[in-house]
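Structure first, then comments.
This is a predicted model, so every value here is computed, not measured. We name chains A, B, ... by the order of the sequence lines, and we start the count at 1 in each one.
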Amino acid sequence: MHDLEGHDGSQNPEDAGDEQRLLSLEHLGLLSSPTSILYHKLASEAGLVWSCAPCYKAGTPSPGEAMLEKYHPKLIEPKWQKVWEAEGLHRAGAHPERPKLYVLEMFPYPSGNMHMGHARVYVIGDLLARYWRMHGRDVFHPMGFDAFGLPAENAAIREKIHPRQRTLKNIETFRGQLKRLGLSYDWEREIITCEPEYYRFNQWLFLKMYEKGLVYRRRSLANWCTGCLTILANEQVVEGRCERCQSPVVPREIPDWALRITRYADELLKGLDTLTAWPERVVTMQRNWIGRSEGCELTFPLCGGGEAIRVFTTRADTVFGATYMVLAPEHPLVARITTPAQRGAVQEFVQRMARTERAVRTDEKATKEGVFTGAMAHNPFSGEDIPVWIANFVLAEYGTGAVMSVPAHDQRDFEFAKKYRLPIRVVIAPVGRPAGSATELTQAFVEDGVLHNSGPHDGKGSAQARRDIAAEARSRGQGGPTVNYHLRDWGISRQRYWGTPIPMLECERCGTVPVPYEQLPVRLPPEAPITGTGESPLSKVAEFVHTTCPSCGGPARRDTDTMDTFFDSSWYFARYLDPRNERLPFDRAAADRYLPVDIYIGGPEHAVMHLLYFRFFTRVMRDLGLVGIEEPVARLVTQGMVVRSSYRCPSHGYRAESGVVQDGEKVRCSECRAALEVRLEKMSKSKHNGVSPEAMFEQYGADTARLFCLFAAPPEKDIEWSDAGVAGCFGFLRRVWALLLRHQERFDVLRTLDGPVDEARLSPELKAFHRLLHHTIERVRRDIEREFQFNTAIAALMELCNACKVFDALTAGGPDDAAAREALRLLGFALRSLALMLAPFAPHFAEEAWEALGMPGRACQQPFPSFDPKLTVQDVVTLVVQVNGKVRANLEVPRAAPREEIERIALSDERVRKWTEGKAIRRLVVVPGRLINIVL
RNA sequence: GCCGGAGUGGCGGAACGGGUAGACGCAAGGGACUUAAAAUCCCUUGUCCGCAAGGGCGUGCGGGUUCGAGUCCCGCCUCCGGCACCA
């Protein structure tokens with residue numbers, strides 16, 4: 001059925017590559033037979049090894065005959081993936097008596113293909129999952145798909161493919177790629193957010209939050225993305241632009257549903273202190289984002305009217321210096337207080353601001369401009385009447401949307417006052433110095449100091465005055481101490497099709513009515529006119545919109561927006577626990593068993609949005625009695641990007657590696673010979689610097705890809721994709737393979753020698769190796785557990801493999817020869833340990849090795865090797881001899897040598913005497929087992 | 001501007017509470033095997049002076065503490081990330 005195109009570089013995942021054929025073999029009634037039989041059967045059925053791979057010896061090995069001449073991942077990997085799946089080795093919950101561990105990676109949005117950035121995250125998670133399973137944990141390690149979202153909808157507009165169809169196809173592809181990486185997920189837990197079985201509980205949670213007053217309808221200025229044609233949450237606006245498509249964002253008045261995340265602002269902030277296993281920078285970013293600011297609200301009555309202006313300030317101590325006030329152009333009072341004489345100018349200004357892009361408006365370099373409203377307000381502290389202006393730099397959504405302006409002590413106010421010739425009054429003097437005069441100020445004095453020109457408060461320090469003035473305001477009923485947050489409520493309505501319908505109705509008689517729980521899910525209609533014009537597609541689906549009111553039975557209209565997809569991903573970690581539950585989002589007992597997530601791995605780009613919502617929802621779910629935890633994630637790992645060189649030609653744009661030529665130091669475009677700009681950038685199709693996992697599997701196999709992802713750098717750093725580095729990892733696996741092969745004929749003997757090694761019978765070389773082996777186990781465990789330093793753990797394994805050379809000299813002694821038997825015992829121990837330690841890193845390889853060694857069971861289910869702390873150190877150490885801090889000699893001494901002995905050996909050494917000759921020794925510093933420093 | 005983080009060979013990166021800087025891998029050079037190439041294996045590889053033995057200098061820069069500093073302290077520089085007219 002497949003076409004007969006060759007293997008030449010076709011990227012089509014359906015291309016009949018060799019292992020594809022292996023995977024598609026459905027004759028797996030064989031799974032109950034020994035895997036070696038299965039594997040040979042697979043191989044010959046696939047026509048792979050014996051007919052076409054030049055690296056194999058010709059001929060068909062008989063079942064039971066062990067290893068192939070060369071390491072061939074293409075053959076090994078599909079085999080073990082089938083075995084794991086058939087034997088259900090990665091399923092959680094099989095051992096309720098064991099301690100649990102929930103390892104989670106941020107689930108993907110299934111775009112067409114998995115890329116290396118994805119692979120890296122999953123490989124890190126999988127390593128931890130596999131490692132801890134070998135330590136006897138009941139590991140919960142699920143995977144699913146974040147399936148709603150704009151890209152599918154945009155693609156639908158472009159390519160006329162239904163988002164659902166496209167998404168499901170992508171998931172299919174993606175899932176296949178995940179499986180080919182050998183990731184140990186419990187696939188029975190899979191969730192797909194665009195399925196009604198999932199999103200009905202988005203709706204359920206929305207309704208519960210509505211009941212709790214955590215959801216409200218608002219009609220305010222929303223962030224409208226001119227590219228995506230929908231409103232965005234505050235978090236999705238980056239530098240005034242859409243974080244997704246970079247289009248300008250403009251204010252637009254669209255009614256939406258908002259979640260009252262601000263009600264949890266303080267709790268979310270305090271909770272940060274408990275997140276000791278989160279990266280510092282993520283905690284800091286969240287702290288900044290929540291942006292708690294303690295201050296004071298003050299009321300300024302308008303002259304000649306009952307109305308008053310409320311302002312928020314952190315500098316109540318400067319209130320006597322407030323010489324004018326400024327409202328945001330959108331402030332509701334503006335229209336009412338503007339005098340007829342100023343109306344024209346004010347209206348013009350307000351309208352201009354309404355059209356201004358957020359990016360332009362909030363650009364710090366934008367000049368401050370404003371218009372006088374004609375109104376005056378009364379400063380209740382100084383007793384003065386001061387003018388009320390509107391200006392571009394005052395934001396409607398922060399504080400009260402109005403400020404008191406103190407030009408002498410606030411830089412913005414200062415600039416504004418200078419520009420419009422507004423009065424400046426100095427009311428704070430630097431401590432210990434006289435207050436300057438307003439006329440000689442060149443910039444605002446913004447620090448705390450001593451009050452001045454402030455009536456009864458003169459002479460007080462700023463901090464004291466702030467407290468007193470706030471208290472005074474409160475006692476007069478004109479404000480008082482208050483707290484403000486940078487965090488805003490989370491608007492979740494999106495004017496798009498591909499998302500969760502919002503379960504709310506508008507009834508002509510009853511007003512806003514929630515959809516009753518028993519009517520959930522409100523299903524997304526299968527078809528809707530997806531036009532991308534900015535109107536909600538659902539509003540044009542008459543049979544969706546028109547419904548009956550559940551309370552009065554009269555006609556009602558459904559809400560036609562869909563939810564922000566961050567809603568979906570805010571609680572998915574809990575749905576995995578109980579993904580088929582039709583009554584509740586998940587069962588409380590399952591939550592109590594597995595939550596919180598012990599280790600969560602994902603990109604730092606989610607430091608604020610996703611992770612803040614995650615924490616918010618966890619608290620909401622706690623208040624709904626769904627979970628018993630406060631924080632969803634105990635330990636967070638933010639991994640770096642996968643980057644690779646990109647080449648950009650001034651006239652031909654980004655060039656693929658095949659389109660560049662090396663010319664000495666320079667790299668040139670193969671078309672026009674122009675020098676190219678070389679940069680390290682995140683892999684992407686558009687920059688032509690990507691490496692597809694498919695290509696990796698094809699060339700080196702999943703184990704090598706996994707190994708490289710872990711070896712290239714520690715998790716939090718970016719890794720630079722290096723084809724040579726990948727080849728190096730492949731080479732390592734091949735060397736281990738060759739090592740096993742060299743000792744193949746001994747496997748039968750090794751298997752029988754499993755008792756403890758008797759050091760006394762080992763040669764000095766083997767004794768040193770024995771200790772290195774124990775030390776390696778210690779290092780690998782420590783690197784994984786404490787530091788997440790997988791790169792150094794792999795380095796340790798490489799060293800161990802290199803050290804195994806000592807066994808090459810092993811001569812065949814009979815089993816009666818005690819020394820030879822001990823050496824073989826050690827060899828067996830080493831090979832088995834190496835195989836098992838590799839299991840979390842290169843799992844297919846490890847299984848194959850384990851099987852070849854003739855060991856029963858599966859490598860991934862064995863206990864991780866353990867070490868004897870007494871044996872992790874060498875008994876002969878290299879002692880460094882320094883003279884005045886400079887290294888002059890290295891000495892081999894017994895580790896346990898007494899201090900006097902060490903001093904004697906060191907001082908009598910010829911190389912040392914050369915430096916100490918004829919000089920008095922002032923001091924001898926001895927660090928046992930390490931060094932001796934002779935100070936002259 | 002504010003808040004984080006990082007600067008180590010030709011490259012990616014090591015160095016547990018201050019104790020041989022450069023583990024491990026890549027690249028490079030030399031050699032072995034081969035009719036040849038590939039693959040594989042062995043050796044060398046921070047830098048400068050030296051035939052060598054040996055020595056000098058080296059972890060962004062300048063100081064300091066210490067017998068001893070990549071690591072600790074003070075002052076800078078550069079790069080990356082986040083926030084940014086938040087009152």
Side-chain angles (χ1 to χ4, degrees), chain A residues 55 70 238-239 279-289 291 293 295-296 311-315 318 326 328 361-368 391-395 397-406 410-413 415-416 484-488 604-605 607-608 640 707-708 711-714 716-729 731-732 734-735 738 778-779 782-783 786-787 789 791-799 801-802 805 878-890 911 914 922-936:
Chain A
C55 47
K70 285 212 171 176
V238 176
E239 288 172 1
E280 179 79 28
R281 60 194 191 113
V282 174
V283 172
T284 306
M285 282 167 69
Q286 292 218 352
R287 186 168 285 128
N288 291 343
W289 188 263
S293 166
C296 175
V311 303
F312 173 76
T313 179
T314 53
R315 292 300 303 272
T318 64
V326 186
R361 169 98 179 261
T362 58
D363 184 355
E364 202 174 355
K365 288 180 282 291
T367 50
K368 298 181 182 17
N392 58 349
F393 67 89
V394 176
L395 306 175
E397 58 284 13
Y398 187 76
T400 59
V403 300
M404 65 175 201
S405 286
V406 186
D410 180 284
Q411 191 56 26
R412 289 159 306 176
D413 296 345
E415 287 166 28
F416 195 77
N484 243 293
Y485 296 93
H486 172 245
L487 181 71
R488 313 283 154 79
E605 67 274 19
V608 174
L707 215 46
F708 180 76
F711 182 62
E716 63 284 358
K717 288 187 82 159
D718 288 352
I719 59 178
E720 191 187 329
W721 195 264
S722 138
D723 301 338
V726 175
C729 288
F732 167 58
R734 222 165 25 186
R735 282 194 299 278
E778 183 192 29
R779 277 176 70 189
R782 187 189 58 213
D783 288 350
R786 209 169 64 207
E787 309 290 343
Q789 294 229 350
N791 55 335
T792 51
I794 293 168
L797 292 175
M798 287 172 167
E799 284 179 66
C801 172
N802 295 343
K805 266 183 214 126
T878 308
L879 185 83
V880 175
V881 185
Q882 296 183 333
V883 178
N884 281 341
K886 287 198 190 296
V887 180
R888 297 304 178 186
N890 288 329
R911 290 165 295 183
K914 208 173 97 186
R922 290 215 323 241
R923 193 169 162 187
L924 273 175
V925 181
V926 179
V927 182
R930 274 240 144 96
L931 69 78
I932 172 166
N933 190 6
I934 303 161
V935 187
L936 302 177

[N] versus [M] - spacing of their [atom1] atoms, nearest Å:
N       : M       : atom1 : result
rC11(B) : rA27(B) : P     : 15 Å
rA14(B) : rA21(B) : C1'   : 10 Å
rC67(B) : rC61(B) : C1'   : 26 Å
rG10(B) : rG63(B) : C1'   : 32 Å
rC85(B) : rG81(B) : C1'   : 22 Å
rG22(B) : rC77(B) : C1'   : 25 Å
rC43(B) : rC24(B) : P     : 12 Å
rG18(B) : rU65(B) : C1'   : 12 Å

Reckon [X] has a side-chain N or O less than 4.0 Å from the OP1 or OP2 of [N]?
X         : N       : value
Arg412(A) : rC86(B) : yes
His486(A) : rA87(B) : no
Lys886(A) : rG58(B) : no
Arg888(A) : rG55(B) : yes

- Task: Report the distance from atom NZ of Lys805(A) to atom P of rU40(B), rounded to the nearest whole Å.
- Result: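 Nearest whole value for this atom pair: 14 Å.
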- In whole Å, what is the span from the CD atom of Gln411(A) to the C1' atom of rC85(B)?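 Answer to the nearest Å: 11 Å.
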Nucleotide of [options] approaching [X] most closely (side-chain heavy atoms):
X         : options                   : answer
Ala795(A) : rU20(B), rG13(B), rC24(B) : rC24(B)
Asn802(A) : rC3(B), rG25(B), rA87(B)  : rG25(B)
Thr284(A) : rG25(B), rC3(B), rG13(B)  : rC3(B)
Asn392(A) : rC85(B), rG55(B), rC86(B) : rC85(B)

Quick one: label [X] by what it contacts on the DNA or RNA (base, sugar-phosphate, nothing), any heavy atom closer than 4.0 Å.
X         : answer
Val925(A) : base
Val394(A) : base
Tyr485(A) : nothing
Arg281(A) : sugar-phosphate
Thr878(A) : base
Asn484(A) : nothing
Val935(A) : sugar-phosphate
Pro714(A) : sugar-phosphate
Asn884(A) : nothing
Gly291(A) : nothing

- Query: Should Val880(A) and Asn890(A) be marked as a side-chain contact (heavy atoms from CB on, under 4.5 Å) after you check the CA-CA gap, both sets of side-chain angles, and the distance that decides it?
  - Reply: CA-CA 5 Å; Val880(A) 175; Asn890(A) 288 329; 3.9 Å; yes
- Message: Taking Arg779(A) first and then Glu799(A), would you say they form a salt bridge - that is, a charged N and a carboxylate O separated by under 4.0 Å?
- Response: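 Yes, this pair counts.
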- Within a strict 4.5 Å, meaning less than it, do heavy atoms of the Phe393(A) and Phe416(A) side chains meet?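 Touching, per the 4.5 Å side-chain cut-off.
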- Are the side chain of Asn884(A) and the backbone of Leu936(A) linked by a donor-acceptor contact shorter than 3.5 Å?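 Side chain of Asn884(A) to backbone of Leu936(A), a donor-acceptor pair under 3.5 Å: yes, one is there.
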- Any idea if rG9(B) is syn or anti, going by the 90°-from-0 cut?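 rG9(B): syn.
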- Query: Below 3.5 Å, does any donor atom in the side chain of Arg488(A) face an acceptor in the base of rC86(B), or the other way round?
  - Reply: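 Such a pair exists between side chain and base.
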- Query: Has the side chain of Asn933(A) got a donor or acceptor that lies under 3.5 Å from a partner of the other kind on the base of rC67(B)?
  - Reply: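 Answer is yes: a donor-acceptor pair is held.
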